[in-house]
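So the structure is just underneath, and the comments pick up after that.
Every chain is numbered from 1 and lettered A, B, ... according to where its sequence line falls, protein lines coming before strand lines.
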4 protein chains.
Amino acid sequence: MDDQKKLTRAEQKARRPVQILDAAFEEFVERGYVATRVEDIASRVGVTKGTIYVYFETKEQLFEAMIRHISVPLEELLASSNEIKGTAAERLQKRIELIYDLIIKDRKLRELIRFVIAEGSRFPQIVDRHHDIFIDPLERQMQSLLDEGIKNGEFRPTPAAFSDAVIAPAIAFLVFKLIFEDRRILDRDTYLKAHVDLILHGLCEPAPR
Amino acid sequence: MDDQKKLTRAEQKARRPVQILDAAFEEFVERGYVATRVEDIASRVGVTKGTIYVYFETKEQLFEAMIRHISVPLEELLASSNEIKGTAAERLQKRIELIYDLIIKDRKLRELIRFVIAEGSRFPQIVDRHHDIFIDPLERQMQSLLDEGIKNGEFRPTPAAFSDAVIAPAIAFLVFKLIFEDRRILDRDTYLKAHVDLILHGLCEPAPR
Amino acid sequence: MDDQKKLTRAEQKARRPVQILDAAFEEFVERGYVATRVEDIASRVGVTKGTIYVYFETKEQLFEAMIRHISVPLEELLASSNEIKGTAAERLQKRIELIYDLIIKDRKLRELIRFVIAEGSRFPQIVDRHHDIFIDPLERQMQSLLDEGIKNGEFRPTPAAFSDAVIAPAIAFLVFKLIFEDRRILDRDTYLKAHVDLILHGLCEPAPR
Amino acid sequence: MDDQKKLTRAEQKARRPVQILDAAFEEFVERGYVATRVEDIASRVGVTKGTIYVYFETKEQLFEAMIRHISVPLEELLASSNEIKGTAAERLQKRIELIYDLIIKDRKLRELIRFVIAEGSRFPQIVDRHHDIFIDPLERQMQSLLDEGIKNGEFRPTPAAFSDAVIAPAIAFLVFKLIFEDRRILDRDTYLKAHVDLILHGLCEPAPR
DNA sequence: CATGAATGAGCCTTCATTCAT
DNA sequence: GATGAATGAAGGCTCATTCAT
């Protein structure tokens, strides 16, 4: 009993930083960086203001740490899609499906985008970081898939920046979700189907007239 | 010089609200709603804090008025595209070009989107308004263009929500511009070409294998 | 018609100061000196802020003028009681009745007392003035009535400051009216009767035991 | 000197609310509710503005708490008079003496009346409270003393509201003290003597003529 | 480590007063 | 005389941060 309590306490302490980061995420999401009060974050954890400052020097550093905390490199998030075998088209489709699933299930990912848009000018590092671990890998992955498909004749040759256009519907979907929250319901399957339909057709040589 | 002195009180007063709204736009863009100080808006106009309150009751109402001030209905913005004649494909392409031009030239439009994303939860009305005068007309216009093209055989039949996918690359382009500001240069022509290339191919019947 | 209009306008202007003083009275009563806004006084008159300053230099001077405006010397108010003939007791009773009527009907008198109590430390002159035209005459009148009654054997000899005690129930009645406004109803006749009953008995020689 | 240093944080904190309430009393007395600045209250305590808000949510709540702080039920204040034995007249006189002593010594009681008169319309609760713990008990106590005296033949039968008339001279004395502060000196003994003289005579059957 | 009292800089808003028209 | 735009000095309240316990 005593043992367990000690353990629990020790564990508690070890978890504090993460608890704080999670609480910070919720509060910053709800009110934005400036309007969020350190005290509210503390309350959410069940501690007092001072405790936050034991673990983080300033509200600003806490915010940055929170952003890092929720920024998981895209590769990890899409790891399962690397195992997929099949045609380039099949793999492309699978990857896009995973992205929609991510957008829908991963609230932290979604809100990360909001932070990048809303607080980007205040925290330029998060923009850069976001580009490096997110946008850039995403474009690269897409591009390499396209290249494979083109090389093996599945896809027609495409102009520069085509990969951006290919993932754009998913980005627009994400932005719509950010904007409308729960005020408008966006059906994943409908959007996914339209998306896949567009790009798979868009990658084919058109029929001769 | 003479110009300024010529302004009568009445003229000055008539311009004040717009001056303030313009200044407010700049400040709110730079710092976001919460971090913007009414005094900074006043300084930018060249008046003192109190003057702002002669024209707007609260900072909140000033923000909302500013949003209304910069929210021009999409129809107006795309008015010139209504005169275009030609095939559905030609008109679709023209309209998309106009959207890119709008995104690039109309900073107010761009920042409006940022406000919608960043302050939407604080100002739900701006989200609804934005949907009504922007998103919705955009989707309708696109959809009716698609419908025409499908009816006259130019385009293949498409699934639901396809119009969203069709404009998505422009939206993604806008979001990228918001996120990267001037830190990364996005070439309009490259993106536009990829966009048009994708959707025009995506609307054709694929060639038989 | 023209004549009349001109006259009316001229009259209007001549009345302005009084209109303002009356409006000031209402506003100062409602909110007290500090919380009253010059603009509200102006609105009540139907003019704008600036106009007030045409007639009064500062809010402070306006307040003082308003106080003077409502401070009618007690002699005037009790003029009718001077004509009374009869025994000292009869005249005493009559005078007290008049005081109760005054308290009930003259809201300005009542509120003047409130101003003296509430704003006296801010405006010491009004306290002095109030003493000179109100308290002091009241005490003198009472005292001379008492003296007459004592001289002619109607009343027993009384100690110093007895006149204050004699009018005290009316003062207490006034204070109660100030405190409770309309929240508690104080019946004039009941109080008056108790008052007169007390002092007429109190002025007689007691019966031997 | 040593005393102050000895105060632990905990002790300091325990005293703070009372320190603040006492300081608030002084400032509110000096300037009235509206004109008093929270910062001045803080200075008087020797802390800064923010500290006041650690203990009281708003200036308004601080004022109300201050009023409660100085509102001691009348029973407590007149407790010693309950032990008095003697005739009704003796007890009545004793009680009145205590009231004068209270008025003279208890500045908080006096100023409470001023607050009730001056701020009553802004804080109706304090008026009601004041009636319940002050006016009403006072009237009841007086009335029951009168009733006793009447029952045992000491006093003649009296009309309704007579008890109000009986205490009125003390109330008038209090009001005079409020109005004239130290600008006019009111001699307690003179007023008390006149008061007692009036009511004791006023309660006797008059001598036959 | 955790607490929470205290600080002090800061910001929104109000309002008496001025003055050009 | 009347107006009302503009000023600027306050003042209520907030909150990140510190530090003694």
Mind checking whether Leu21(B) and Phe25(B) have side chains closer than 4.5 Å, heavy atoms only? no
On DNA chain E, more 5' by nearest nucleotide between Val54(D) and Tyr53(B) is Val54(D)
So that I can tick it off, tell me whether Glu30(B) and Arg122(A) are bridged by a salt bridge, with the cut-off set at under 4.0 angstrom between side-chain N and carboxylate O. no
Do Val127(C) and Glu181(D) have side chains that get closer than 4.5 Å, going by heavy atoms? no
Could you identify which residues of residues 28-50 of chain A place a heavy atom less than 4.0 Å from some atom of DNA chain F, listed by residue number, or say none? Thr36(A), Arg37(A), Val38(A), Lys49(A)
Validation row: Arg31(B), Asp40(B) side chains within 4.5 angstrom (heavy atoms): yes
Between Thr51(D) and dA5(E), does any side-chain N or O lie under 4.0 Å from OP1 or OP2? no
List the atom pairs, with distances to 0.1 Å, where a side-chain N or O of residues 42-50 of chain C and a protein N or O form a donor-acceptor pair under 3.5 Å, not counting sequence neighbours.
{"unit_1": "Ser43(C)", "atom_1": "OG", "unit_2": "Glu39(C)", "atom_2": "O", "d": "3.0"}
{"unit_1": "Arg44(C)", "atom_1": "NE", "unit_2": "Glu27(C)", "atom_2": "OE2", "d": "2.7"}
{"unit_1": "Arg44(C)", "atom_1": "NH2", "unit_2": "Glu27(C)", "atom_2": "OE2", "d": "3.1"}

Measuring from atom CZ of Phe56(B) to atom CD1 of Ile41(B), what distance do you get when rounded to the nearest 0.5 angstrom? 9.5 Å
Short of 4.0 Å, heavy atom to strand atom, which residues of residues 58-70 of chain C count as contacting DNA chain F? none
Using atom CD of Glu57(B) as one end and atom P of dT14(E) as the other, report the distance to the nearest whole Å. 8 Å
Partners meeting salt bridge (Lys or Arg N to Asp or Glu O under 4.0 Å) with Arg110(A) (sequence neighbours left out): none
Classify the nucleic acid contact of Tyr55(A) as base, sugar-phosphate or nothing, counting any heavy atom under 4.0 Å across all strands shown. sugar-phosphate
For the pair made of CD1 in Ile52(A) and C1' in dC19(F), what is the distance, rounded to whole Å? 17 Å
Under 4.5 Å between any side-chain heavy atoms of Tyr55(A) and Thr51(A), yes or no? yes
Pairs under 3.5 angstrom only: tabulate donor-acceptor contacts from the side chains of residues 58-72 of chain D to other protein residues two or more places apart or in another chain.
{"unit_1": "Thr58(D)", "atom_1": "OG1", "unit_2": "Glu60(D)", "atom_2": "N", "d": "3.4"}
{"unit_1": "Thr58(D)", "atom_1": "OG1", "unit_2": "Gln61(D)", "atom_2": "N", "d": "3.0"}
{"unit_1": "Lys59(D)", "atom_1": "NZ", "unit_2": "Tyr33(D)", "atom_2": "O", "d": "3.1"}
{"unit_1": "Lys59(D)", "atom_1": "NZ", "unit_2": "Val34(D)", "atom_2": "O", "d": "3.0"}
{"unit_1": "Lys59(D)", "atom_1": "NZ", "unit_2": "Thr36(D)", "atom_2": "O", "d": "2.8"}
{"unit_1": "His69(D)", "atom_1": "NE2", "unit_2": "Asp22(D)", "atom_2": "OD1", "d": "3.2"}
{"unit_1": "Ser71(D)", "atom_1": "OG", "unit_2": "Ile67(D)", "atom_2": "O", "d": "2.6"}

Strand DNA chain F as a dot-bracket string - pairs counted if Watson-Crick or G-U with both distances under 3.5 Å, | where the partner lies in another strand: .||||||||||||||||||||
Non-hydrogen side-chain atoms of Tyr53(B) and Val38(B) separated by less than 4.5 Å: yes
Hey, could you give me the CZ/CD1 distance between Arg114(B) and Ile179(B), rounded to the nearest 0.5 Å? 9.0 Å
